[in-house]
Trainee: 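Just passing along the structure, written as structure tokens.
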Amino acid sequence: MKLATYNVNGINGRVDVLLRWLEEALPDLVCLQELKAPDEKFPRREIERAGYGAIWHGQKSWNGVAILARDQEPRETRRGLPGDPDDSHSRYIEAAIDGIVVGCLYLPNGNPAPAPKFDYKLRWFERPQAYAKELFELEVPVALVGDFNVMPKNLGV
DNA sequence: ATGGTTGCAAGGCAA
């Protein structure tokens, strides 16, 4: 299985490139971030025509995530992470496809640091970590994919 | 120290 992730920075501004890439790369599963479009403006038809089923969690102007599956419909298992009912950002969507649970994540950028936005990022980070433990305990195949906005170590810059 | 880019959407924000 070929699983890909792509921060599109605007699904409608990038849809031609996305379709060309789907045709060339033929990924089985695609996690998209930064749709920057509300649900009703997701280019469902174009993506269907390219041979992909899709689920999406959009938002006007910012954020927004989607999962595409080649020749099938992703079965949505969750939208939004547990732990904060007031979270209005569309940053997580999850589906079951071919016996795998696929989580598509777009973690806050958090720049600049230090600043309130960075604090927000660190707080937000707690929920995917807690939820990942829940998923792990299910002992089913899971792929958590997306734009984590994180580096493996401090470069000291 | 400043200017440098892009997308959304209609001015400024987020990245």
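Just so we're on the same page: letters track the sequence lines, and every chain starts at 1. Quick note: numbers below take in every heavy atom, side chains included, and nothing from hydrogens, waters or symmetry partners.
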Trainee: If I pick the P atom on B:dG12 and the same atom on B:dA1, what distance separates them, to the nearest angstrom?
Mentor: 26 Å
Trainee: Enumerate the residue pairs fulfilling ring pair (Phe, Tyr, Trp, His ring centres under 6.0 Å) with a member in residues 11-33 of chain A, sequence neighbours excluded, ordered by first and then second residue.
Mentor: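 Of all non-adjacent pairs touching residues 11-33 of chain A, those that pass ring pair (Phe, Tyr, Trp, His ring centres under 6.0 Å) are A:Y6-A:W21.
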Trainee: Can you measure A:Q33 atom CD to B:dA15 atom P for me and round it to whole angstrom units?
Mentor: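 To the nearest whole Å, that distance equals 13 Å.
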Trainee: Provide the distance between the two P atoms, one in B:dG4 and one in B:dA15, to the nearest whole Å.
Mentor: 22 Å
Trainee: Suppose you measure atom P in B:dA14 against the same atom in B:dA9; what distance do you get, rounded to whole Å?
Mentor: 14 Å
Trainee: Using whole Å, what does the distance between atom P of nucleotide B:dC13 and atom CG of A:N111 come to?
Mentor: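 Rounded to the whole Å, the gap is 16 Å.
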Trainee: Donor-acceptor pair, A:R14 side chain versus A:V8 backbone, under 3.5 Å?
Mentor: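 At least one qualifying donor-acceptor pair exists.
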Trainee: Considering residues at least two apart in sequence or located in another chain, which fulfil the side chain to side chain contact (heavy atoms under 4.5 Å, CB included) criterion with A:R49?
Mentor: A:R45, A:E46
Trainee: Set out, line by line, the N/O atom pairs under 3.5 Å between protein and nucleotides 4-8 of chain B.
Mentor:
{"unit_1": "B:dG7", "atom_1": "OP1", "unit_2": "A:R14", "atom_2": "NH1", "d": "3.1"}
{"unit_1": "B:dG7", "atom_1": "N3", "unit_2": "A:K36", "atom_2": "NZ", "d": "3.4"}
{"unit_1": "B:dC8", "atom_1": "OP1", "unit_2": "A:G13", "atom_2": "N", "d": "3.1"}

Trainee: Whole angstroms only, please: what is the NE2-C1' distance between A:H89 and B:dA15?
Mentor: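 Taking NE2 of A:H89 and C1' of B:dA15, I get 13 Å after rounding.
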Trainee: Considering only atom C1', compute the distance from B:dT6 to B:dG11 and round it to an integer number of Å.
Mentor: 16 Å
Trainee: Just by distance, do the side chain of A:D28 and the backbone of A:K2 share a donor-acceptor pair under 3.5 Å?
Mentor: yes
Trainee: Under the ring pair (Phe, Tyr, Trp, His ring centres under 6.0 Å) rule, what pairs show up with a residue in residues 52-85 of chain A, not counting sequence neighbours?
Mentor: A:F42-A:W56
Trainee: Running the 4.5 Å side-chain criterion over Ile, Leu, Val, Met, Phe, Trp and Tyr, what cluster does A:L122 land in, apart from itself?
Mentor: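 A:F118, all in the cluster of A:L122.
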Trainee: Contact class for A:N109 vs. all strands (heavy atom < 4.0 Å): base, sugar-phosphate, or nothing?
Mentor: sugar-phosphate
Trainee: Write down the distance separating the P atoms in B:dC8 and B:dG3, rounded off to the nearest Å.
Mentor: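 The same atom, P, in both gives a distance of 26 Å.
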Trainee: Between residues 112-128 of chain A and DNA chain B, which residues have a heavy-atom gap below 4.0 Å?
Mentor: A:K117
Trainee: State which residues pass side-chain hydrogen bond (donor to acceptor under 3.5 Å, both in side chains) with A:N109; sequence neighbours excluded, sorted by chain then number.
Mentor: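 If we apply the side-chain hydrogen bond (donor to acceptor under 3.5 Å, both in side chains) test to A:N109, skipping adjacent residues, the hits are A:N111.
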Trainee: Tracing side-chain links under 4.5 Å among I, L, V, M, F, W and Y, which residues wind up in one group with A:F136?
Mentor: none
Trainee: Could you tell me which residues satisfy side-chain hydrogen bond (donor to acceptor under 3.5 Å, both in side chains) with A:D147, sequence neighbours excluded, listed by chain and number?
Mentor: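 Scan of A:D147 (side-chain hydrogen bond (donor to acceptor under 3.5 Å, both in side chains), adjacent residues dropped) gives A:N7.
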Trainee: Rounding to an integer number of Å, can you tell me how far A:N149 CG sits from B:dA15 C1'?
Mentor: 8 Å
Trainee: Round to a whole Å and report the spacing from CD of A:E40 to P of B:dA9.
Mentor: 10 Å
Trainee: Would you kindly give the CZ-to-C1' distance between A:F148 and B:dA15, to the nearest whole Å?
Mentor: 18 Å
